[in-house]
Amino acid sequence: MASEFSTEFFSANRIVKADLRAARTPREEDLERIKKEVAKLYDATEVILNVTVDDSLLSGYVLQIGDRVFDNSGRHAIDQMMADKPSLATLKTRIEDYKPAATSEEGGVVISSADGIVEVEGMDRAVYGEIVTFENGAKGMVESVEPGRLGIMLFDGAETVGVGTMVTRSGKRAGIPVGDGFLGRVIDPLGEPIDGKGPIEAVGYNPIEKQAPGILERQSVDTPLHTGILAIDSMFPIGRGQRELIIGDRQTGKTSIATDAILNQKDTGVLCIYVAIGQKASTVANIRETLAQHGALDYTIIVSATAADSAPMQYIAPMAGAAIGEFFMYNGEDGKPASETNPGGHVLVIYDDLSKQAVAYRQMSLTLHRPPGREAYPGDIFYLHSRLLERAVKMSKKNGYGSMTALPIIETQDGDVSAYIPTNVISITDGQIYLQSELFFQGQRPAVDVGISVSRVGGDAQTKAMKQVAGNLRLDLASYQELAGFTQFGSDLDEATQKQLTHGARMTELLKQPRYKPFEVGEQIAVLFAGNEGFLDDLEIADVLPFRAELIEYLDNGFGSLLDKVRAKKIDDDTKAELLRVIGDFKQQFMAKHHADTTGSEEN
């Protein structure tokens, strides 16, 4: 009864309640003046003011009525004059031109704060993805919109935001500064440099959440993006605009494949963005050093949200990386929008890894009281990854031919690819490269499992010559592994079986590759051709990798025109004959040298 009476009483008498924060205790006449203004504005019969004193305002007052804030304080005036860090001349002009005036902003009040997530009452017109500013200068993004309250994730200043802190809308969507100046730098997901090399000059601002291009804006993937890794470029080719998942247990070489792919983009015109999510800071520093040593940092941007960063920062890091990539894809070299006559850029984005982003999103969602689903992940975790990876695209001719290729990384537990997050991302991507722990510990590196790895783009992302030499390689290796399993306990093998085992063992050895030594596509074609034609079958297993290394050096030094032919077109009869002759001559030299070395060591 009391509550009903109170509601009817306030409604009938049009009473307005307001909070007034003043720099010093206001005089009675000032309070009466403010009450009259509020009564006039809201057509109220009575105004009730809750007055508090806040020295930090410097002068003036801040009046909050519901979700509206009237800020006529000295601190607000100084903030306005200091916007964008003006020069002294500009600041002087602003002081001279400044006229005190009350400003109305939609605001609210923090009612709870935990683990970088705050709930706010008020700001009823705020929208998802909007940036909000707290009175202490901290910034956050609206992540949850519910009747009567908002869920906001904090980017910084979590330790200074508490219950009662005031917050106001900015009217801006969350985004990241972009520009050519970010190349070669290490930044956080907000675009702030963290490599100690000073500020970065931005030329624009891209929203981190953006609708992926539609069907008519795209075209099919048809241009190879070579990783320089023989096992991948031959059996599981990646094209510009493709989404190829790298999946495997911890410490199986996932990041190494991504790093080699970056190194191989040197002088190709492809810009690279490496997004580190939940990694150790020392790991990110090592990757940066590796890229710098190999001359790859100049065309690479590293976006880092380390394990020490908050869950919101790890959550937005992949989207920030995609936003930077879209800047280069949607614009030509002149900085103007891409078109048929102004080609857009080509970008490779690596998300290392999305498993940790999913964990960060789960933590945020549970703090926001969203209902948990499978493995306690929220129900929209699939949508989170799908809308991110859908932004990888090969643009149509009309839209400038640009492309953004995505290599997401997922970490599995004990090889379980049927877990929730792995199956989600497998279903979103255009194929997966599965790295197996057993192969890794056996010394087969990269430890690619040819049985369940696949590229759904296939031969469309291969040159004609590579298609010829690698056409049956995957099936041959799968048959060899199956046959080797059947015959490991048997001793009586027919000649055909023994020949198949010998050839398979040498081709498997041929695919081994050390880190940070990518092969150019012409070199890959040549060594695969040598393997297919049986040049390796009479070599000892230990001699296969030395043979490959010396063959590549031999071809690079004296047969550059031959490598140009196999890069550019299909291997015709003349090219095949030349390859057979050149590789045959090299093998004779290799065998003679090897025989001489062996004989000399035996005599000693």
Side-chain angles (χ1 to χ4, degrees), residues 227 229 231-232 236 238 242-262 273-280 283-284 287 303-307 311 314-322 348-363 365 373-392 404-440 445-457:
T227 65
I229 301 171
I232 294 174
F236 316 107
I238 299 171
Q242 187 175 343
R243 303 158 298 179
E244 183 80 1
L245 171 64
I246 303 173
I247 184 170
D249 285 358
R250 185 172 177 272
Q251 297 293 322
T252 51
K254 302 184 297 296
T255 301
S256 296
I257 287 178
T259 307
D260 282 349
I262 293 176
I273 300 170
Y274 177 80
V275 184
I277 311 153
Q279 305 287 334
K280 293 184 294 184
T283 301
V284 179
I287 291 172
V303 182
S304 175
T306 65
Q314 295 182 40
Y315 162 66
I316 68 168
M319 295 178 283
L348 170 64
V349 187
I350 293 157
Y351 305 109
D352 189 9
D353 65 67
L354 292 186
S355 305
K356 294 182 176 64
Q357 188 209 21
V359 170
Y361 187 55
R362 177 172 63 184
Q363 176 185 328
S365 297
R374 181 177 167 187
E375 298 180 23
Y377 289 105
D380 64 344
I381 190 72
F382 179 90
Y383 180 54
L384 169 69
H385 286 152
S386 66
R387 71 177 187 262
L388 170 69
L389 295 174
E390 274 296 302
R391 293 163 76 173
M404 187 162 74
T405 308
L407 294 184
I409 294 175
I410 289 290
E411 182 178 302
T412 54
Q413 304 293 325
D414 197 25
D416 184 13
V417 295
S418 63
Y420 188 32
I421 300 304
T423 52
N424 275 357
V425 183
I426 286 173
S427 65
I428 296 167
T429 50
D430 306 312
Q432 69 274 353
I433 298 166
Y434 178 55
L435 305 181
Q436 196 178 68
S437 298
E438 291 181 9
L439 292 174
F440 185 84
R445 302 175 187 178
V448 179
D449 186 330
V450 299
I452 64 173
S453 298
V454 66
S455 171
R456 298 187 184 96
V457 172

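Basis for what follows: all heavy atoms, side chains included, without hydrogens, waters or symmetry-related copies.
Heavy-atom contacts from other residues, nucleotides or ligands closer than 6.0 Å to CG of D414 number 12 or fewer.
For S453, the side-chain hydrogen bond (donor to acceptor under 3.5 Å, both in side chains) test picks out no residue, with sequence neighbours left out. Remark: T227 engages D233 in a side-chain hydrogen bond (donor to acceptor under 3.5 Å, both in side chains) (not counting sequence neighbours). For F236, the ring pair (Phe, Tyr, Trp, His ring centres under 6.0 Å) criterion is met by no residue, not counting sequence neighbours. The ring pair (Phe, Tyr, Trp, His ring centres under 6.0 Å) test applied to Y361 returns Y315, not counting sequence neighbours.
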(message) Walk me through whether L388 and M319 qualify under side-chain contact (heavy atoms from CB on, under 4.5 Å).
(response) CA-CA 7 Å; L388 170 69; M319 295 178 283; 4.2 Å; yes
(message) The test is side-chain contact (heavy atoms from CB on, under 4.5 Å); show your working for R445 and F440 and say whether it passes.
(response) CA-CA 6 Å; R445 302 175 187 178; F440 185 84; 3.7 Å; yes
(request) Apply the test side-chain contact (heavy atoms from CB on, under 4.5 Å) to residues I238 and T405: give CA-CA distance (whole Å), side-chain angles for both, the deciding distance (0.1 Å), then the verdict. (result) CA-CA 9 Å; I238 299 171; T405 308; 4.0 Å; yes
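Note that OH of Y434 is 5.5 Å distant from OG1 of T412, once rounded to the nearest 0.5 Å. Interatomic distance, L384 CG to Y377 OH, rounded to the nearest 0.5 Å: 11.0 Å.
With hydrogens and angles disregarded, a donor-acceptor distance shorter than 3.5 Å links the side chain of R362 to the backbone of E375.
In this structure the side chain of P408 never reaches within 4.5 angstrom of the side chain of D353, judged on heavy atoms. Put simply, the side chain of Q314 does not reach to within 4.5 Å of the side chain of Q357, judged on heavy atoms. Counting heavy atoms from C-beta on, the side chains of Y274 and I262 come closer than 4.5 Å.
Of all non-hydrogen atoms in A360 and A311, the two that sit nearest each other are CB-O, 3.6 Å. The heavy-atom pair separating I277 from L354 by the smallest distance is CD1-CD2, 4.2 Å. Contact between I273 and G321 at its shortest, heavy atoms only, is CD1-O, 3.6 Å. The two residues A305 and A317 come nearest to each other via the heavy atoms CB-CB, 3.9 Å. Considering all non-hydrogen atoms of both residues, K356 and Q279 come closest at NZ-NE2, 4.4 Å.
Judged as a side-chain hydrogen bond (donor to acceptor under 3.5 Å, both in side chains), the pairs with a partner in residues 250-262 (not counting sequence neighbours) are, in order, T255-D352.
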With a cut-off of 3.5 Å and sequence neighbours excluded, list every side-chain donor-acceptor pair involving residues 421-432.
{"unit_1": "T423", "atom_1": "OG1", "unit_2": "A419", "atom_2": "O", "d": "2.8"}
{"unit_1": "T423", "atom_1": "OG1", "unit_2": "Y420", "atom_2": "O", "d": "2.8"}
{"unit_1": "S427", "atom_1": "OG", "unit_2": "T423", "atom_2": "O", "d": "3.3"}
{"unit_1": "S427", "atom_1": "OG", "unit_2": "N424", "atom_2": "O", "d": "2.6"}
{"unit_1": "T429", "atom_1": "OG1", "unit_2": "V425", "atom_2": "O", "d": "2.9"}
{"unit_1": "T429", "atom_1": "OG1", "unit_2": "I426", "atom_2": "O", "d": "3.4"}
{"unit_1": "T429", "atom_1": "OG1", "unit_2": "G431", "atom_2": "O", "d": "3.4"}
{"unit_1": "D430", "atom_1": "OD1", "unit_2": "R243", "atom_2": "NH2", "d": "2.9"}
{"unit_1": "D430", "atom_1": "OD2", "unit_2": "R243", "atom_2": "N", "d": "3.0"}
{"unit_1": "D430", "atom_1": "OD2", "unit_2": "R243", "atom_2": "NE", "d": "3.2"}
{"unit_1": "Q432", "atom_1": "NE2", "unit_2": "I452", "atom_2": "O", "d": "3.0"}

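Results of the side-chain contact (heavy atoms from CB on, under 4.5 Å) test with L435 over D449, I257, I247, D249 single out I257 as the only residue that passes.
With no hydrogens or angles considered, a side-chain donor-acceptor pair links Q242 and S455 at under 3.5 Å.
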